[in-house]
Amino acid sequence: MMLTRSRVLNVLTASLAALAVSACDKKEGGESTTASDTTAIKVGILHSLSGTMAISETSLKNTALMAIEEINAAGGVLGRKLVPVVVDPASNWPLFAEKARGLLTQDKVAVTFGCWTSVSRKSVLPVYEELNGLLFYPVQYEGEELSQNVFYTGAAPNQQAIPAVEYLMSKAGGEAKRFVLLGTDYVYPRTTNKILRAFLLSKGVKESDIMEEYTPFGHSDYQTIVAKVKKFAQGGKTAVVSTINGDSNIPFYKELGNQGIKATQIPVVAFSVGEEELRGVDAKPLVGHLAAWNYFQSVKNTTNDVFIAKYKQWAVANKIPNAESVVTNDPMEATYVGINMWAKAVEKAGTTDVDSVRKAMSGMTFDAPSGFVLTMDSTNHHLHKPVMIGEIMADGQFNVVWKTKEPIRAQPWSPYIPGNEGKKD
Amino acid sequence: MRLSLSAFALATVLGLVRPTHSMAPDDLGNFAKGGPSERAKLVAQWAAAGDTDLSTFLDRLENAEFRATPDGRLVRGVDGAGFVDVATDSVIGPAVDDWEEIVVSNVLRAGVVGARAALDLSVPDRDKRLQAVDDLQEADLDPAILPALEKAVDSETDPKIRLLIRGVVAKIALGSDDPAKRIAAARTLGEDGDVANNLKLLEDRLAATGEGGLLETDSTVRQELAAIAATLKVKAWFYEMAGHLFTGVSLGSILVLVALGLAITYGLLGVINMAHGELVMIGAYTTYLVQGVFRSRFPETESVYVVAAIPAAFLVSALVGIALERLILRHLYGRPLESLLATWGVSLVLIQSVRSLFGPQNVEVGSPAWLSGSLVLQSNLVLPWNRIAIIAFAGTVLFATAMLLTRTRLGLFIRATTQNRGMARCVGVRTSRIDMMAFGLGSGLAGLAGVALSQVGNVGPDLGQGYIVDSFLVVVVGGVGQLAGSLWAGLGLGMFSKFLEPMAGAVLAKIALLVLIILFIQKRPQGLFALKGRQAD
C-alpha cells in the first residue's frame with residue numbers, strides 16, 4: 001500500500017512538473033538576448049501562438065519578426081540592432097498581463113507589438129500604463145479607449161464597421177433592410193454591435209429588423225445559428241455582420257457553405273476575417289461574402305507587391321508551415337506600418353525613451369502597402385486609414401468593390417455611444 | 001416592344017431562329033453610367049431577349065475587362081491594343097486614371113448568374129440545366145423572360161427540371177395582370193417547390209404596395225393567396241421543427257460518441273478519467289496523420305482516408321489508454337480522487353506533447369467530397385452530409401459496443417468484473433487483464449469520437465478540453481454504468497440545447513442547460529437509469 005502511494009506521489013509530481021514546464025516562457029528570440037549585448041534594443045512581441053486565437057495572431061508575430069529583420073539589415077535603429085523577444089500568452093487573457101509585465105520588467109523591452117482581441121488589450125493596458133511602456137496594437141477594434149501608452153494602428157469603428165454597414169445599406173451593396181449582428185461573446189463584438197445598433201436605428205432601421213447573437217470563444221456548431229439567420233432573412237433583404245473571432249470562423253464559414261447561403265441572397269460581412277483565416281476553408285461556396293478592412297493582399301501597387309514578395313521570401317527562408325501558400329492581410333500590414341513608424345520615431349527622437357518616442361510619433365507618416373501614405377494623428381494615437389470593402393473570390397483572396405478616396409481620421413469615441421459627446425480625441 | 005422582345009426570347013431559348021443582338025449602343029452607355037443594380041437589370045433584360053453575344057460579354061465582365069469612362073462610354077481592355085470602345089469597336093488607347101473599373105459585386109453577380117442560367121436553360125446537358133434552373137430560383141428576373149420559360153416548361157423532358165421551371169414561371173406569373181393566371185401561379189407555388197421561399201413570395205405579394213395602396217386588390221385572389229399561404233405556413237413550421245430535431249440529434253450523436261468511451265471507463269471501471277478528452281484529441285490527430293499518408297502515398301484514393309482513419313484512431317487511442325492504465329491507473333483503482341488528479345496531469349502532458357510535436361496551431365483536416373455539401377430537402381431543412389454520416393457512425397459504434405458487452409465472452413467478463421470483482425476472480429477471470437482491455441476499449445471509443453469531430457470542428461491540441469465536461473454530464477445524467485443511459489442522456493442534452501438555442505442564444509442555452517442538470521441531479525442523483533438491485537461493491 002505504501003508502495004502504491006509513493007508511486008502515486010511520483011506520478012503527481014511528474015504531472016505537476018509537466019504543468020510547470022508548459023507554463024514556462026517560450027522565448028524564440030531569447031537566444032540572442034545576452035547580457036553582454038548592451039547596444040541591442042529589445043522589442044517585445046506579444047501574440048498568442050497557441051489556443052483559439054493562434055489562427056490569426058501567429059502571422060502577426062511572423063510579420064513583426066520579418067520587419068525587425070528588415071530594419072536590422074538596413075543598419076538597425078540609431079545604429080543599434082533590434083532584438084525580438086517573442087512570448088506566447090496562449091489565448092489566455094490574464095496570461096497576457098503576466099507576459100506583458102515580464103516583457104517590461106525583466107526583458108526591459110523598448111516597445112511591444114502585440115494583442116489581437118480587445119479583451120487581451122484591456123488585460124495588458126493597466127500594465128503598460130503603470131510601467132509607462134509602449135504598446136502598438138495592430139487590429140481593428142471597438143474604440144472607446146485612448147491610452148497614452150498605446151498606438152492603435154488598426155481601424156476604429158468609423159474606419160471599418162460604420163462604412164461597411166453603410167455600404168450594405170447602399171444601392172451598390174444590395175440595400176439590406178434587416179441586419180444580423182453575429183459575434184463572439186466579448187468586449188469587441190458587444191461594443192461594436194452597440195455602436196452599429198445605434199447607427200442603424202439612427203438610419204431608420206427598426207429594432208425588430210436587428211437580430212443580435214453571440215457565441216462563446218471556440219464555438220464550433222453553427223447549425224442552429226445559420227438556420228436562424230435563414231429564417232430571419234425571410235422577412236426581407238438581410239445582411240449578416242460578423243464579428244466572430246478566432247478559429248470559430250472555420251466552422252462558421254463551412255456551415256454557410258454547407259447550408260448554401262449565397263452572398264447574392266444573404267451577404268455576410270466580416271470584420272475579423274481576412275486572407276489568413278480563409279486559408280483553411282474552401283472559398284468557392286463563399287464567393288461574394290464580404291470583409292471590411294483597410295488593406296487587402298489583392299490591392300495593386302508597387303509597395304504592396306514588394307511587401308508580399310518580401311513576406312513570402314521570409315516565410316520560405318524561415319520554414320513557416322505551408323510557406324508556399326502564405327498570404328498577407330490587414331493586421332499584418334498594420335503591424336508592419338507600426339514597427340516602421342516606431343523605428344522612424346526612435347530615429348527622430350534619438351532615443352527609445354517612451355515619452356520622447358510618443359512625441360516623435362505624432363504626425364509620423366509611412367508609405368504603406370495599402371497604397372496610401374498613412375499618417376499618425378497628431379493627437380489621438382490612431383492612424384488615418386483608407387476603408388476598403390472586398391468580396392471573397394474563389395481563391396480566398398478579396399476583390400475590392402468599394403473604397404474611400406482618401407484616408408479617414410479615426411474617431412475612437414464613437415458618436416453613436418451616449419455619453420461620448422465632448423470627449424476629446 | 002415587350003412583345004417583340006418576348007418573341008426573340010422564345011425563339012432563342014428554343015434555338016429555332018437565329019437570334020439577334022439587343023445590346024444597343026444606348027444600352028451599353030447606360031450600362032457604363034449605371035450602378036451595380038442598373039447594370040444587373042440590363043443584363044437581365046439582355047438575357048430575356050436572348051442575345052447570343054451575352055455569353056462572351058459576361059465572360060469579359062467577370063474577367064474585369066470593362067471600364068466605364070466618365071462621359072458614359074463602355075470600354076474594354078484588349079491584349080496589346082490598349083482599350084477599345086465596346087459600342088463602336090474603335091481603339092481608344094491606354095487606360096486613363098479616372099476610368100472606373102467595372103467589378104462584379106454581389107448585386108451585379110446576381111444579375112450575371114441569372115443571365116447565365118437563362119442562357120443555359122436550353123443546353124442538352126441535364127446537370128447544366130438543373131444548375132441553371134436552380135440559379136433561376138434565386139435570380140431577379142425580367143418579366144419579359146416569362147414566355148420563353150413557359151415554352152421551356154413544354155419542351156423540357158426531365159420531370160424534375162420541368163417542375164422547377166414551373167416554379168420559376170409561377171414566381172413571375174404571380175405579378176401577372178390576369179387574375180386567373182395569378183391564382184394558378186399561387187396554386188403551383190402551394191403545391192410544390194420550396195415551402196419557405198414560396199411562402200415568402202405569397203406573403204410579399206399580399207403585402208406589396210404600389211403608388212395606389214396594395215398591389216393585390218382583387219379580393220378573390222387575395223383570399224386564395226391567403227389560404228395557400230396559411231397551409232404553407234404550417235408546412236414551413238413543420239420543416240423548421242424537423243430541422244431543430246436534426247441538429248439536436250446531430251449534436252446528441254456527437255455527445256454520445258464522446259461519452260461512450262467514458263461510460264465504460266467511468267461507468268464500468270469507476271475511473272474518473274480527466275484525460276478522456278485528450279484521447280479524443282489523439283484520435284483526431286491520428287485522422288490528420290492518416291490523411292497525410294494518403295495525400296503523399298495514395299493521392300488517387302485520398303477521399304477514403306476517413307474510413308482508414310477509423311481503425312487507426314481506435315488502435316492509437318486504445319494503445320495510449322492501455323499504457324495509461326498499465327502505468328498509472330491500475331495502482332489507483334478504488335481511489336477516485338487520486339486517479340482524478342493523476343489523469344488530469346496526464347491530460348496536460350498529452351496536450352503539451354501534441355503541441356510540441358505538431359505545433360500549437362490547429363492542423364487542417366479536410367472533408368472528403370462525399371462528406372461535404374448537404375442534402376437539401378427544403379431551403380430551411382438542409383442536412384449536411386458530414387452530420388448525417390456522424391449520426392450513422394454513432395449509431396453503428398453504439399450498436400457494436402452494446403453487442404460486444406452483451407454478446408461476447410470479453411463483454412461477459414467485463415460485466416462480471418465490474419459487478420463483483422472478488423467473485424469474478426474466484427471463478428477464474430483474470431480481472432487485471434480485463435481492466436486493461438476495458439480501459440483500452442473505452443479509450444479506443446474516444447479515438448473514434450476524434451475521427452468524427454475532425455470532420456465538424458477544428459483539430460488542435462485543446463480539442464479535448466471542450467468536450468470533457470459535456471461527456472461527464474452525459475454519463476452522470478444518463479446514470480453511471482449504463483450504456484442506454486448515455487444514449488438517452490446524450491440525445492436528450494443535444495435536443496434540449498438545440499431547441500433552447502434558437503430562443504435563448506448559444507451562451508444562455510449552455511447556462512440554462514447546466515442549471516437544469518444541477519436541479520436534475522439534486523432530484524435524481526443516480527441519473528436517468530439507475531442500476532437496479534444491490535450493487536456488489
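Throughout, a chain's letter reflects where its sequence line sits, starting with A, and its residues are numbered from 1.
- At a 4.5 Å heavy-atom cutoff, the contact between A:E255 and chain B is made by side-chain atoms alone.
- Residue B:V376 does not touch chain A at all, counting heavy-atom pairs closer than 4.5 Å.
- The contact between B:P502 and chain A is made by backbone and side chain atoms together, counting heavy-atom distances below 4.5 Å.
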Decide salt bridge (Lys or Arg N to Asp or Glu O under 4.0 Å) for A:K171 and B:E38; before the verdict, give the C-alpha distance in whole Å, the side-chain angles of both, and the deciding distance to 0.1 Å. CA-CA 10 Å; A:K171 224 173 166 193; B:E38 287 83 22; 2.8 Å; yes

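- Put simply, OG on A:S50 and CG on B:N362 are 10.5 Å apart, with the number rounded to the nearest 0.5 Å.
- For the options B:G373, B:G35, B:G457, B:A509, heavy-atom pairs under 4.5 Å to chain A are most numerous at B:G373.
- With a 4.5 Å cut-off on non-hydrogen atoms, A:D221 touches chain B through its backbone and its side chain both.
- Residues B:V103 and A:N399 form a side-chain contact, since some pair of their non-hydrogen atoms from C-beta on lies under 4.5 Å apart.
- Highest contact tally toward chain B, considering only A:E175, A:H289, A:Q234, is held by A:Q234 [criterion: heavy-atom pairs under 4.5 Å].
- Atom-to-atom distance recorded for A:K230:NZ and B:E240:CD is 11.5 Å, nearest 0.5 angstrom.
- For A:I389, no part lies near chain B; criterion is any non-hydrogen pair under 4.5 Å.
- Contacts of A:V287 with chain B are made by both backbone and side-chain atoms, with heavy-atom separations under 4.5 Å.
- Within the 4.5 Å cutoff, the side chain of A:P251 has heavy atoms near those of the B:N458 side chain.
- Looking at B:V456, the atoms closer than 4.5 Å to chain A (heavy atoms on both sides) all sit in the backbone: N, CA, C or O.
- With a 4.5 angstrom heavy-atom cutoff, A:Q259 touches chain B via backbone and side-chain atoms both.
- Contacts of B:D204 with chain A are absent, with no heavy-atom separation under 4.5 Å from either backbone or side chain.
- A search for side-chain contact (heavy atoms from CB on, under 4.5 Å) contacts involving A:S170 returns A:Y167, A:A172, not counting sequence neighbours.
- Taking NZ of B:K510 as the start and OG1 of A:T215 as the end, the distance is 12.0 Å to the nearest 0.5 Å.
- Heavy atoms closer than 4.5 Å to chain B are found in the side chain of A:K231, but not in its backbone.
- Contacts of A:Q265 with chain B are made by side-chain atoms alone, with heavy-atom separations under 4.5 Å and no backbone atom involved.
- In this structure, B:S105 and A:V401 approach most closely via the heavy-atom pair CB-CG1, 3.8 Å.
- The candidate from B:P461, B:A196, B:G366, B:A40 with the greatest count of non-hydrogen atom pairs under 4.5 Å with chain A is B:A196.
- Formation of a donor-acceptor pair under 3.5 Å by the B:S374 side chain with backbone atoms of A:N258 is found in this model.
- The backbone N or O of B:N106 sits less than 3.5 Å from a side-chain atom of A:E391, completing a donor-acceptor pair.
- With sequence neighbours left out, A:Y186 forms a ring pair (Phe, Tyr, Trp, His ring centres under 6.0 Å) with A:F217.
- Contact of B:V365 with chain A is made through the backbone alone, with heavy-atom distances under 4.5 Å.
- A side-chain donor-acceptor contact under 3.5 Å links B:S250 and A:Q223.
- With rounding to the nearest 0.5 angstrom, the OG atom of B:S367 is 4.5 Å from the NZ atom of A:K254.
- Listed options B:K200, B:R387, B:E203 were ranked by heavy-atom pairs under 4.5 angstrom with chain A; first place goes to B:R387.
- Summarising the geometry, atom OG1 belonging to A:T224 is positioned 10.0 Å from atom CZ belonging to B:F499; distances are rounded to the nearest 0.5 Å.
- Taking OG1 of A:T264 as the reference point, atom CZ of B:R109 lies at 7.5 Å (rounded to 0.5 Å).
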